[in-house]
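Naming convention: chains lettered A, B, ... in sequence-line order (proteins, then strands); numbering from 1 in each chain. All heavy atoms count here, side chains included; hydrogens, waters and symmetry mates do not. Remember, predicted model here, so these are calculated numbers, not experimental data.
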2 protein chains.
Amino acid sequence: MAHLHDLTKNQTLVLDALTKWDGPASAYSLLDQLRAQGFRAPLQVYRALDKLIEYGLVHRLESLNSFVACAHPHDHAHGLVAFAICDTCGQVDEFSDETVERRLKGWAKEHSFRLAKTTIEMRGICANCTAQ
Amino acid sequence: MAHLHDLTKNQTLVLDALTKWDGPASAYSLLDQLRAQGFRAPLQVYRALDKLIEYGLVHRLESLNSFVACAHPHDHAHGLVAFAICDTCGQVDEFSDETVERRLKGWAKEHSFRLAKTTIEMRGICANCTAQ
DNA sequence: TGGTAGATGTAATAACATTACGATCCTTCG
DNA sequence: CGAAGGATCGTAATGTTATTACATCTACCA
């Protein structure tokens, strides 16, 4: 696992932009944001994101085609992560559940499925927006 | 919930194409397949897919941007569905897990998150491909 | 008859992601 | 030192996925 000081300039810029972003950001949103810092092409963003995801510092939200900074970047031990995404305000809640992880890994083992990555995304309306 | 005989012509064509398809299909693959039947534009496919998903006859695989016919289209009761997707052969295994469903719904209830839809996708290599 | 709701056809465009190629930088080791 | 190799970067072009906008059609029924 790489540490913060191992990040390249582009990776740092992308991670900073994403960390400051309120909610999930698309690669192109990040690109627009980073033009002021000299970014010109989507690939610059995608390459940085790939590495950041590999390092566990960023998550990809498949159902949104967007990205979020990991909420627990120092908790290197976190296994499976799940997301609750509010369709109204866009806020994302990241959490883990031991039981869910155990069950899914159990299924994989039973079926001899060599598990590489698991995506869990819940879509709905958060408490805050429901209260509005 | 609509029944089979409620489907329109386009919906039927798309569902048939997807059912015959081996594994997940992208909307554009389906479009190419259906040009012989008079399809001309992506929207014809997307509109049909939207309805079929609404009826529970088709699932969208978020991590692949593709679609599969539901493996249990007559089991109207199935709640949360999970997928195991083989990155080698593309085969998709659809299954349910009561415990996982209960845990995730529990999290939602605890956090007053009004849950609309849940995506669970496991990526990896299936038993068959591992054995090869 | 005329209104309305759902489905359709078509074109244009938006949004997301990758391939290809070459240049650059950095480390390692003869 | 300086060549070799690897990772990163810049840029352009292209490929893939999805939506907006607008017109038409069809079935149903008040």
Within less than 4.0 Å of OP1 or OP2 of [N], is there a side-chain N or O belonging to [X]?
X: B:Lys51; N: C:dA7; result: yes
X: B:Arg40; N: C:dG9; result: no
X: B:Thr8; N: C:dT8; result: yes

Euclidean distance, atom [atom1] of residue [X] to atom [atom2] of [N] [Å, nearest integer]:
X: B:Leu34; N: C:dT10; atom1: CG; atom2: C1'; answer: 17 Å
X: B:Gln44; N: D:dT24; atom1: CD; atom2: P; answer: 17 Å
X: B:Leu31; N: D:dT17; atom1: CG; atom2: P; answer: 11 Å
X: A:Asn10; N: D:dA7; atom1: CG; atom2: P; answer: 17 Å
X: B:Leu49; N: C:dA7; atom1: CG; atom2: P; answer: 14 Å
X: B:Gln11; N: C:dA7; atom1: CD; atom2: P; answer: 6 Å
X: A:Phe39; N: D:dT11; atom1: CZ; atom2: C1'; answer: 14 Å
X: A:Gln37; N: D:dG10; atom1: CD; atom2: C1'; answer: 17 Å

Open item on the list: Which label fits A:Tyr46 and A:Tyr28: parallel for a plane angle under 30°, tilted from 30 to 60°, or perpendicular past 60°?
Closed with: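 Perpendicular.
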Open item on the list: Between A:Glu62 and A:Arg60 (salt bridge meaning N to carboxylate O under 4.0 Å), is one present in this structure?
Closed with: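 Salt bridge flag = yes for A:Arg60 with A:Glu62.
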Task: B:His111 and A:Phe95: CA distance, side-chain angles, deciding distance, side chain to side chain contact (heavy atoms under 4.5 Å, CB included) verdict - done: CA-CA 11 Å; B:His111 293 76; A:Phe95 67 97; over 6 Å; no
Task: Atom pair CD1 (A:Ile120) and CD1 (B:Ile120), whose distance is rounded to the nearest 0.5 Å - done: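 Answer for the CD1-CD1 pair, A:Ile120 versus B:Ile120, is 5.0 Å.
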Open item on the list: Please determine whether residues B:Leu61 and A:Leu64 belong to a single hydrophobic cluster, defined as Ile, Leu, Val, Met, Phe, Trp and Tyr linked transitively by side-chain heavy-atom distances below 4.5 Å.
Closed with: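 B:Leu61 and A:Leu64: separate clusters.
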What does the list of N/O pairs under 3.5 Å between the protein and nucleotides 15-19 of chain C look like, with a distance for each?
unit_1	atom_1	unit_2	atom_2	d
C:dA17	OP1	A:Arg60	NH1	3.1
C:dA17	OP1	A:Arg60	NH2	2.3
C:dA17	OP2	A:Tyr46	OH	3.0
C:dA17	O5'	A:Tyr46	OH	3.4
C:dA17	N7	A:Tyr28	OH	2.7
C:dA17	N6	A:Tyr28	OH	3.2

- [ ] Report yes or no: is there a donor-acceptor pair, N or O only, under 3.5 Å between the side chain of B:Arg47 and the base of C:dG6?
- [x]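 When only heavy-atom distances are counted, B:Arg47 does not reach the base of C:dG6 through any donor-acceptor pair under 3.5 Å.
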Task: Between B:His59 and B:Phe83, ring centroids under 6.0 Å - done: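 Yes, they do, as the ring centres are separated by less than 6.0 Å.
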Side-chain donor-acceptor distances from residues 122-132 of chain A under 3.5 Å, at least two apart:
unit_1	atom_1	unit_2	atom_2	d
A:Arg123	NE	A:Asp87	OD1	2.7
A:Arg123	NH1	A:Ser63	O	3.3
A:Arg123	NH1	A:Ser63	OG	3.1
A:Arg123	NH2	A:Asp87	OD1	3.0
A:Thr130	OG1	A:Cys126	O	3.0
A:Gln132	NE2	A:Asn128	O	3.2

